[in-house]
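If you read the sequence from its start, that first residue is 1, and numbering goes on from there.
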Amino acid sequence: MRFYILISLTMVAFAANSLLNRIAVDYGYIDPESFAVIRVASGAFMLIALARIKGANLTWLEPRRGLGALALALYMIGFSTAYLTLPAGLGALILFGVVQISIFVIAAFLKAAPTLRQIVGAVIAFGGLVVIVNPSATVSVDLQGAGLMALAGLGWAVYTITGRYEPDALAGTAANFVLALPLTLAVPFLTDAPHDISATGLLLAVLSGAFASGLGYALWYSLLPKLAPSTAAILMLSVPVLALAGGVLLLGEVLHLRYLGGAVLVLGGLTLSFLRPRV
């Protein structure tokens, strides 16, 4: 039971990131590039402080560390810059679609391929996501934005896989955030958009980085060794549903019947993937 509670808390933290990002950027409190930089920086400071208190030994010069930091930076940069040109619904479909496919393919190479039941569950859950975000057929797809979001999905998939081999979740996440920070600092230079930061925007970015991202990612790293790669991939499809629920409860967004139907499909797919048939 404790394990499932921790999984739920992790998914809630990921969904909180979406809400904090949406409030900060959509309401004009901060630009998306600055949000990404502050998010990684505050996460790095929080994790380093906790690692020092715990006495954890941070390792820097090893292949796993470099791959984790690069993957994290790729996700952060791709996610923040892609939404400058992509609608939210289309971006979510590209992101989670690439995450699913990438993790399933990598898992197959690692001889941990998903079962048929997990594949069917993933298809049902992803279908529910399609119903929820309902991308209009008339929406034009910006190829650069789609490419950046695909890179973000690949980055998150690789980051998830590398977490399975992390002996110390807190120390590993702290080192990843520190090493990813210089790369993320390049984000503001990728666009010519103005960079405006209000006090509210700064606070929201720090909350996202220090708590929802820093602590949430450390918790995710601690759980990954106990999860099959395919299970971790399917789990993340619950994040849009939780973000939708948060938007309804906290932001006063309208709950449409389509959202409920999509949520049922997502949760049904997750249940099918997790339940083991009795023998």
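With side-chain heavy atoms closer than 4.5 Å counting as contact, directly or through intermediates, the hydrophobic cluster containing Phe109 also holds Ile101, Val105. Here Leu70 is tied into one hydrophobic group with Leu183, each link being a pair of ILVMFWY side chains closer than 4.5 Å.
In terms of modelled atom types and a separation under 3.5 Å, the side chain of Ser34 and the main chain of Ile30 share no donor-acceptor contact. Remark: side-chain polar atoms of Thr231 are not paired, donor with acceptor, to backbone N or O of Leu227 under 3.5 angstrom. Using modelled atom types, no side-chain atom of Arg65 and backbone atom of Asn176 make a donor-acceptor pair closer than 3.5 Å. Distance alone, capped at 3.5 Å, is enough to place a donor-acceptor pair between the Ser42 side chain and the Arg39 backbone.
In this structure Ile5 satisfies the side-chain contact (heavy atoms from CB on, under 4.5 Å) test together with Met1, Leu9, sequence neighbours excluded. Annotation: side chain to side chain donor-acceptor pair (under 3.5 Å) contacts of Ser230 (sequence neighbours excluded): Gln118. Taking Ser222 as the reference, nothing meets the side chain to side chain donor-acceptor pair (under 3.5 Å) condition, with sequence neighbours excluded. In this structure, Thr200 has no side chain to side chain donor-acceptor pair (under 3.5 Å) partners at least two apart in sequence or on a different chain. Taking Arg52 as the reference, nothing meets the salt bridge (Lys or Arg N to Asp or Glu O under 4.0 Å) condition, with sequence neighbours excluded. Partners of Arg164 under the salt bridge (Lys or Arg N to Asp or Glu O under 4.0 Å) rule, at least two apart in sequence or in another chain, do not exist in this structure. Ser102 pairs by the side chain to side chain donor-acceptor pair (under 3.5 Å) definition with nothing, not counting sequence neighbours.
Proximity of Ile197 to Ile38: side-chain heavy atoms (C-beta onward) are separated by under 4.5 Å at one or more points.
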- May I have the step-by-step check of side-chain contact (heavy atoms from CB on, under 4.5 Å) for Leu260 and Val264, ending in yes or no? CA-CA 6 Å; Leu260 291 176; Val264 169; 5.5 Å; no
- So Phe211 and Val206, side-chain contact (heavy atoms from CB on, under 4.5 Å) or not? Walk me through it. CA-CA 8 Å; Phe211 296 98; Val206 169; 5.7 Å; no
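Taking both residues in full, the closest heavy atoms of Ala150 and Val98 are given as O-CG1, 3.4 Å, listed atom of the first, atom of the second, then distance. Here the shortest heavy-atom pairing between Ala263 and Val241 reads CB-CG1, 3.9 Å. Counting all heavy atoms, side chain and backbone alike, Thr184 lies closest to Ala180 at OG1-O, 2.8 Å. For the residue pair Ala218 and Leu47, the shortest heavy atom distance occurs at CB-CD2, 4.1 Å.
Sorted by first and then second residue, the pairs that involve residues 9-22 and meet side-chain hydrogen bond (donor to acceptor under 3.5 Å, both in side chains), not counting sequence neighbours, are Asn17-Ser208, Asn17-Ser213, Arg22-Glu253. Listed by first and then second residue, the ring pair (Phe, Tyr, Trp, His ring centres under 6.0 Å) pairs that reach into residues 157-186 are Trp156-Tyr159, Tyr159-Tyr221, Phe177-Tyr217, sequence neighbours excluded. For residues 199-209, there are no salt bridge (Lys or Arg N to Asp or Glu O under 4.0 Å) pairs, not counting sequence neighbours.
Rounded to the nearest 0.5 angstrom, Leu170 CG and Ile53 CD1 are separated by 9.5 Å.
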